[in-house]
Number of protein chains: 2
Amino acid sequence: MVRISDVAKMANVSTATVSRVLSNSGNVKKETAEKVLEAIKKLNYQPNLLARQLRRLETKTVLVVVPDITNTFFSKILRGIEQVAIENDYEVLLGDTGNSLEREKGYLDILRQKKADGMILLTARLESHLLEEISHEFPVVLACEYLEGSDIPTVSIDNISSARKATEYLISLGHKRIGFLSGPMDVILSRDRLKGFKQGMMQHDIAIEPNLIQEGDFSFESGFNLMTKLLALTEPPTAVFASSDEMAIGAIKAIKAKGLKVPDDISIVGFDDIKFASIFEPALTTVSQPMFEIGQKAMELLIKLIQKDKLEKSQYILEDQLVIRETCKEKKKDMIKM
Amino acid sequence: MVRISDVAKMANVSTATVSRVLSNSGNVKKETAEKVLEAIKKLNYQPNLLARQLRRLETKTVLVVVPDITNTFFSKILRGIEQVAIENDYEVLLGDTGNSLEREKGYLDILRQKKADGMILLTARLESHLLEEISHEFPVVLACEYLEGSDIPTVSIDNISSARKATEYLISLGHKRIGFLSGPMDVILSRDRLKGFKQGMMQHDIAIEPNLIQEGDFSFESGFNLMTKLLALTEPPTAVFASSDEMAIGAIKAIKAKGLKVPDDISIVGFDDIKFASIFEPALTTVSQPMFEIGQKAMELLIKLIQKDKLEKSQYILEDQLVIRETCKEKKKDMIKM
DNA sequence: TAATCTAGTGTAATCGATTACAAAATAAAA
DNA sequence: TTTTATTTTGTAATCGATTACACTAGATTA
């Protein structure tokens, strides 16, 4: 392995001078610098980052903890993170928890062991005091999620208001029996979406029926299963608002499996606007999150934290948008009951 | 920050002893070890990995270079990699190239700078001599891709034979005018799939028509566009074999857009078996790759390389499988021409 | 009893860079 | 020409762990 001392020897200078050439800092005579650069090229020298990092006590690496890397929602955010990371010479250490709480916890140690300068969490199911604690010691940014009553910097959309908007859209189409497929209740964003749903309903004086609200886990499979349950009710909903696109698609499959049609028989709204939402048939009406931008912003904030810059605020709310495609329709006229 | 010397001081021992307790190596008296452990707990000490890594000249980190992290095909492989990584106390440094050759090249430096102990490439579009070079210096494993005439360890399916199988399946359904949507020709796996397609055709004495073969880039969009082109031919194909599921789905969308039906008018076979292949309607008949296993195996090989173990062989071929779903059907009887 | 071995611990070198400080060389000012 | 300022370079400490080597004390063997 080629070390800085090898370069120094070949160029007939001290390691300090080589280092100065490397970092472009300080005063090095032109000719000396040229000698050094030549030696570097000749030896194909690459500085050992471990040594540099140890000396500088920084890694130029950020840890990104993702609940499920195979979900395109998260990988799109990751893309945004990575873009800003590259622009600022940071590397991304990936922590996929596979929805395991234990693994989520385990990744905190990587930060403590200085393997990364900071951390972006796309999931926050850990006990909040753990997160609070580590965020006091190290730079931490939450994306999508946030922590109630905490001042950990956060980038997300306003889940409550976007869920309310989506609900009101269904109401505006004449729907009153609206089902709600929720995400897991231990994540705040699920609770927010539910809250938004309830707000929308109440604002139009529509009673909320508990058995039209079902808790799932954002997955396709849970969407399918919960919708099947809803369809088994004596009076199934005429519209359903799902807390993720995957669930929405699962729900549509369940509806189709019963021989019913979307949107003719039942309207569906999803959440996220993953790539597949527009490819699926019928194309999904959904709340579109600016995933790439969320990632970018989160990484920008993290870099600021690492550099100990002051943030203007700790909660950044990005704009979402209700994208209307093909899965919603005016409620059918009630049949005259016999 | 708590250092090993702080622990040593508190426990009234030398740093060497603390280190020995930490690594569970060597001979430390029980009582001493207990004292040390107590101090560690009291101070909430976590060893600085940078220092350890510098001393040991290893990072316990592997670099995974992915062409597109938002493609579930790759993220599934990544899952396999990460699983084995965790089991062996490795971390995964993610390098998403966004299909950029330049960024692919840039990630090689991370390896040279010792930020990772080895590298798994899920893309190999770089000039082969670059790859050869770096693989002589550092542990490198190719997954999915391989390099002709190179001995870089590789994990993949046999693309030629699986493409041949899929082609023969279409032929067995009576199709003769079979279109082929290829991936980019600068990746070997695209060329292999084309080769397999041609083999299948020739083995059944079916002439290969150049304008039924179209080159894309694995993406949904290219599938749509190329299929649109094929449909514009005076005599369009009755079946199409796409080199990726995304392309296949794009092709189906194009067919539907023309008012035709899959599989009634045109049969489609995809490649990869991404999650969405079974959700899409009609559910995709496709060549299923064992993505998770590819990732696992690749990581296992890489660990062996890092530990300087001998590999039994350098090319590992895993089993693929033609999954028959709903997008293929017997060719319609020819209309009697007037 | 003396010699040898072993367990347990400490001292200090080491990994490969960066950088504070000192020193030398050169330029500018008196 | 001497003095002072500036530029350029080198020496050695440093980052925080690991580990080769040395040492001590007690156990074992001859």
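Reminder, nothing fancy here: chain letters follow the sequence lines and each chain counts from 1.
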Student: Checking all strands, does A:Thr17 fall into the base, sugar-phosphate, or nothing category for heavy-atom contacts under 4.0 angstrom?
Tutor: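 Sugar-phosphate only.
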
Student: Do B:Leu131 and B:Leu121 have side chains that get closer than 4.5 Å, going by heavy atoms?
Tutor: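 They are in side-chain contact.
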
Student: Evaluate the side-chain proximity of A:Asn27 to A:Arg20: yes if any heavy-atom separation is below 4.5 Å, no if none is.
Tutor: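 A:Arg20 does not reach A:Asn27 side chain to side chain.
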
Student: Using a heavy-atom cut-off of 4.0 Å across all strands, would you classify B:Ser23 as base, sugar-phosphate, or nothing?
Tutor: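 If one applies the 4.0 Å heavy-atom cut-off, B:Ser23 turns out to touch nothing in the nucleic acid.
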
Student: Show, in sequence, the C-alpha distance, side-chain angles and deciding distance for B:Met299 and B:Val62, and conclude whether the side chain to side chain contact (heavy atoms under 4.5 Å, CB included) test is met.
Tutor: CA-CA 9 Å; B:Met299 187 64 201; B:Val62 299; 3.7 Å; yes

Student: Atom NZ of B:Lys9 and atom C1' of C:dG10: how far apart are they, to the nearest Å?
Tutor: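 Computing the B:Lys9:NZ to C:dG10:C1' distance gives 16 Å.
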
Student: Would you mind reading off the distance between A:Lys29 atom NZ and C:dT26 atom C1', rounded to a whole angstrom?
Tutor: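 From A:Lys29 NZ to C:dT26 C1': 9 Å.
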
Student: Above 12 or not: heavy atoms from other molecules or residues under 6.0 Å from NZ of A:Lys76?
Tutor: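 No - once you tally the heavy atoms of other residues, nucleotides and ligands closer than 6.0 Å, there are 12 at most.
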
Student: Does the cation-pi check pass for B:Lys313 over B:Tyr316, that is, NZ or CZ under 6.0 Å from the six-membered ring centre and within 45° of its axis?
Tutor: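 Here B:Lys313 passes the 6.0 Å and 45° test against B:Tyr316.
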
Student: So where does chain A start and stop touching DNA chain D, 5' to 3', when the test is distance under 4.0 Å to a non-hydrogen atom?
Tutor: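 So the contact region on DNA chain D extends D:dT8 to D:dG16.
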
Student: B:Val13 near the nucleic acid: base, sugar-phosphate alone, or nothing, with a heavy-atom cut-off under 4.0 Å?
Tutor: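 Sugar-phosphate contact only.
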
Student: What does B:Leu57 touch in the nucleic acid at a heavy-atom separation under 4.0 angstrom: a base, only the sugar-phosphate, or nothing?
Tutor: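 If one applies the 4.0 Å heavy-atom cut-off, B:Leu57 turns out to touch the sugar-phosphate alone, with no base involved.
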
Student: Nearest 0.5 angstrom please: A:Leu94 CG to B:Ile81 CD1, how far?
Tutor: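 It is 10.5 Å, given to the nearest 0.5 Å.
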
